[in-house]
Amino acid sequence: MSVRARFAPSPTGALHIGGVRTAIFNWLFTRHYKGKFILRIEDTDRTRSTEESIAEILDAMKWLGLDWDEGPFRQSDRLSIYQSNAQKLLKVGKAYRCYCSQEELERRRKEAEKQGRVYRYEGICRNIKSHPSGRPFAIRLTTPELGSIEVEDLIRGTIVFDAKEIDDFIIQKTDGFPTYNFAVVIDDATMDITHVIRGDDHIANTPKQVLIYEALSHEIPKFAHVSTILGSDKAKLSKRHGATSVVAYREMGYLPEALVNYLCRLGWSYGDQEIFPKEELIEKFTLENVGKSPAVFNPEKLLWLNGWYIRNKPADEIAQLVIPFLKKKGLNVTLDERLIKIVSILRERAKTLVELANSADYFFVDEVKYEDAAKKKFLSAETLPIFETLLEKLSSLVEFTVLELQNIFGEITEKRGIKLVQVAQPVRVALTGGTVSPGIFEVMEILGKEKVIERLKKAVHHISRS
RNA sequence: GGCCCCUUCGUCUAGAGGUCAGGACGUUGCCCUCUCAAGGCAGAAACACGGGUUCGAGUCCCGUAGGGGCCGCCA
């Protein structure tokens with residue numbers, strides 16, 4: 001039988017980095033074994049679930065390239081399925097109606113707590129004979145009192161729970177809605193999920209779920225509990241550690257492959273390899289190489305990886321991707337040869353698409369603005385003669401190329417007995433407004449003769465005026 | 001409190017009884033160099049602790065400590 005795994009987020013907010021990693025693991029697992037990846041929205045929390053959140057989750061999944069084969073299913077569409085299964089369990093005596101009031105149970109829980117005990121439902125309604133008509137009831141699973149429940153975990157090995165730890169828990173609430181554990185099992189069972197890969201915060205739920213499978217006489221899937229992603233203080237990763245939503249990373253100029261590559265390496269490894277193109281991830285990903293210990297999210301490493309992908313993806317693709325960021329800055333650009341050239345020289349020093357866009361201004365504006373410090377340091381009287389000879393030589397230049405420009409600068413530095421930096425920096429300020437840019441000859445070539453001369457002249461005016 | 005999970009450089013990790021404990025991010029120094037990056041080279045940096053088992057333990061067992069999770073008619 002082919003492998004079937006699922007990702008089941010609850011749409012109560014943005015798609016979280018931690019959630020995405022389990023999505024990635026599930027996706028890779030199914031792709032590696034050529035199985036099916038199912039998307040299911042756990043939206044039974046009526047008050048906290050929102051349509052916007054569902055849309056965002058789907059959007060983020062698509063952006064990351066995590067395509068699904070079935071779904072998205074919604075638990076809210078499946079109410080009758082849960083109810084009929086609960087009825088079935090009732091009928092075969094694996095579950096029973098419980099008429100205990102919530103207030104009463106709450107009282108007992110408090111009482112137990114006071115005595116330092118953990119409250120477990122005593123099974124008061126377990127053997128009730130007459131069913132009071134018209135009274136609301138919840139449905140509880142009849143659980144074993146003795147023995148142990150073993151959970152086979154592909155990452156952690158066998159985990160054993162004492163049956164005494166588990167009471168007759170509720171599977172259907174008084175309002176007819178399923179409880180979480182019940183809905184999950186019914187869904188996974190009816191969707192024929194073979195492998196449940198999820199966060200380790202679900203370990204404690206697993207014995208209960210196993211019990212439900214057994215009551216249903218349904219085959220138990222294989223479980224794999226992945227450890228939590230932590231923040232720098234080793235507490236569970238949350239907003240206070242910085243951005244945690246996928247959409248936020250997209251907006252900060254991260255590439256989906258960098259995020260997938262990074263997140264995947266958090267808890268999974270393949271020898272010493274760090275860079276994994278998607279195809280290679282699919283080929284190499286197995287649960288065997290997933291670690292057990294929790295991992296601290298390290299933004300610097302993600303940033304490094306993002307820089308790596310920016311530098312190594314085909315330049316035209318990066319150009320295409322940076323366009324929205326340039327437009328956001330009010331720069332009107334289109335994908336053409338010039339943009340690709342610009343991107344290919346700028347991307348060496350950008351770690352995000354935002355940085356890349358921010359470093360590109362001077363190629364698109366009509367007039368450069370000088371940075372104060374740069375202007376003060378390099379646009380001074382002594383550079384005036386240099387600019388003048390440069391202008392002279394440039395205007396007679398036919399081939400405005402890196403090579404020719406190099407020659408001209410060489411002539412100037414040689415004649416004046418100065419270093420290249422003494423020419424390059426002032427020119428850089430004149431052309432870009434700042435002291436940092438790609439190689440000055442490359443910048444000049446892309447800017448073109450006309451623009452270069454125009455900007456140098458402007459710089460000359462500026463110096464003369466002050 | 002009960003139950004469960006986890007523990008190798010600051011961080012991600014390799015390691016499946018015998019290694020100078022390897023790689024990566026970050027960090028330090030040097031090289032390259034028109035600035036900034038990128039790149040190259042070199043360095044500092046770890047087996048939580050205590051007992052066993054074994055000729056030999058990061059690796060196996062048992063404790064301890066620390067971190068985390070779950071204990072709802074929440075998901």
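We name chains A, B, ... by the order of the sequence lines, and we start the count at 1 in each one. Keep in mind that the numbers below use all heavy atoms, side chains included, and drop hydrogens, waters and symmetry copies.
Listed nucleotides B/G2, B/C73, B/A75 differ in distance to A/L105; the shortest reach to its side chain belongs to B/C73. Residue A/S293 has its side chain nearest to B/C6 when only B/C12, B/U35, B/C6 are considered. Nearest nucleotide to the A/Y180 side chain, out of B/C36, B/C34, B/A75: B/A75. Comparing B/G2, B/A75, B/U35 by their closest approach to the side chain of A/D45 singles out B/A75.
Residue A/R120 places no side-chain N or O under 4.0 Å from the OP1 or OP2 atom of B/G2. At the phosphate of B/C74, OP1 or OP2 sits under 4.0 Å from a side-chain N or O atom of A/K173.
The same atom, P, is picked in B/C31 and in B/G23; the two are 24 Å apart, to the nearest Å. B/U33 and B/A14: their P atoms are spaced 40 Å apart (whole Å). Remark: the separation of the P atoms in B/U27 and B/G63 is 43 Å, to the nearest Å. The same atom, C1', is picked in B/G18 and in B/C60; the two are 15 Å apart, to the nearest Å. Nucleotides B/G51 and B/C20 are separated by 25 Å at their P atoms, to the nearest Å. On the P atoms, B/A21 is 22 Å away from B/C41, given to the nearest whole Å.
Every pair passing salt bridge (Lys or Arg N to Asp or Glu O under 4.0 Å) that includes a residue from residues 350-361 of chain A is listed here, sequence neighbours excluded: A/K329-A/D361. Here side chain to side chain donor-acceptor pair (under 3.5 Å) pairs that include residues 228-240 of chain A, with residues two or more places apart or in two chains, are A/D200-A/T228, A/D233-A/R240, A/D233-A/H241. Each salt bridge (Lys or Arg N to Asp or Glu O under 4.0 Å) pair with one or both residues in residues 436-445 of chain A, not counting sequence neighbours, would appear here, but there are none.
Where A/Y99 and A/I159 each meet RNA chain B at their nearest nucleotide, the meeting point lying more 5' is that of A/I159. In this structure, A/L266 and A/Q172 both approach RNA chain B, and ranking their closest nucleotides by distance from the 5' end singles out A/L266.
A/S359 comes within contact range of no nucleotide atom at all, as no heavy-atom separation falls under 4.0 Å. Using a 4.0 Å heavy-atom cutoff across all strands shown, A/R117 reaches no nucleic acid atom at all. When heavy atoms are screened at a 4.0 angstrom cut-off, A/F441 is found touching base atoms of the nucleic acid. Across all strands, A/T435 comes closer than 4.0 Å to base atoms (heavy-atom distances). Residue contacts shown for A/P438 include a base, since a base heavy atom lies under 4.0 Å away. Here A/R156 lies in heavy-atom contact (under 4.0 Å) with sugar-phosphate atoms only. A/S227 comes within 4.0 angstrom of no nucleic acid atom, judged by non-hydrogen atoms across all strands. Here A/S269 lies in heavy-atom contact (under 4.0 Å) with sugar-phosphate atoms only. Base engagement by A/I440 is indicated by at least one non-hydrogen atom pair under 4.0 Å involving a base atom. Within 4.0 Å of A/C100, counting heavy atoms only, lies at least one base atom of the nucleic acid. A/G267 comes within 4.0 angstrom of sugar-phosphate atoms only, judged by non-hydrogen atoms across all strands, and of no base.
If you measure from atom CZ of A/R349 to atom P of B/G39, you get 12 Å, rounded to the nearest angstrom. Regarding A/D167, its CG atom lies at a distance of 8 Å from the P atom of B/C73, rounded to whole Å.
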Exercise. What string of B, S and - do you get for nucleotides 23-32 of chain B, 5' to 3', when a contact is any protein heavy atom under 4.0 Å?
Worked result: BBB-------
Exercise. What string of B, S and - do you get for nucleotides 61-72 of chain B 5' to 3' if you count protein non-hydrogen atoms under 4.0 Å?
Worked result: -------SSSSS
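If you check the side chains of A/N261 and A/Y309, you find a donor sitting under 3.5 Å from an acceptor.
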List, with names and distances, any nitrogen or oxygen atoms from the protein found under 3.5 Å away from nitrogen or oxygen atoms belonging to nucleotides 41-48 of chain B.
none

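Listed by chain and number, the residues in a side-chain hydrogen bond (donor to acceptor under 3.5 Å, both in side chains) with A/E283 amount to none (sequence neighbours excluded). Applying the side-chain contact (heavy atoms from CB on, under 4.5 Å) criterion to A/L403, with sequence neighbours excluded, gives A/T401, A/Q406. Evaluation of the side-chain contact (heavy atoms from CB on, under 4.5 Å) rule for A/Q273 yields A/Y270, A/F276, A/E280, A/K284 as partners, not counting sequence neighbours.
In this structure, A/E382 does not pair ionically with A/R416, as no charged nitrogen and carboxylate oxygen lie closer than 4.0 Å. A salt bridge is defined here as a Lys NZ or Arg NE, NH1 or NH2 lying under 4.0 Å from an Asp or Glu carboxylate O, and A/E404 with A/K449 fails to meet this definition.
A/I124 CD1 to A/Y99 OH: the interatomic distance, rounded to the nearest 0.5 Å, is 14.0 Å.
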Please list, one pair per line, the donor and acceptor atoms closer than 3.5 Å that link side chains of residues 292-304 of chain A to other protein atoms, with sequence neighbours excluded.
from, atom 1, to, atom 2, distance (Å)
A/N298, ND2, A/E300, OE1, 3.1
A/K301, NZ, A/E274, OE1, 3.2

Donor-acceptor pairs under 3.5 angstrom involving side-chain atoms of residues 384-393 of chain A: please list them, not counting sequence neighbours.
from, atom 1, to, atom 2, distance (Å)
A/T389, OG1, A/P385, O, 2.9
A/T389, OG1, A/I386, O, 3.0
A/K393, NZ, A/E411, OE1, 2.7

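Scanning atom types as modelled, one donor and one acceptor separated by under 3.5 angstrom connect the side chain of A/T174 and the base of B/C73.
A heavy-atom distance below 4.0 Å to RNA chain B is reached by these residues of residues 136-153 of chain A, ordered by number: A/A138.
A/R108 pairs with exactly one of A/E113, A/E103, A/E122 by the salt bridge (charged side-chain N to carboxylate O under 4.0 Å, His left out) rule, that one being A/E122.
For A/F182 and A/F169, the distance between ring centers is not under 6.0 angstrom.
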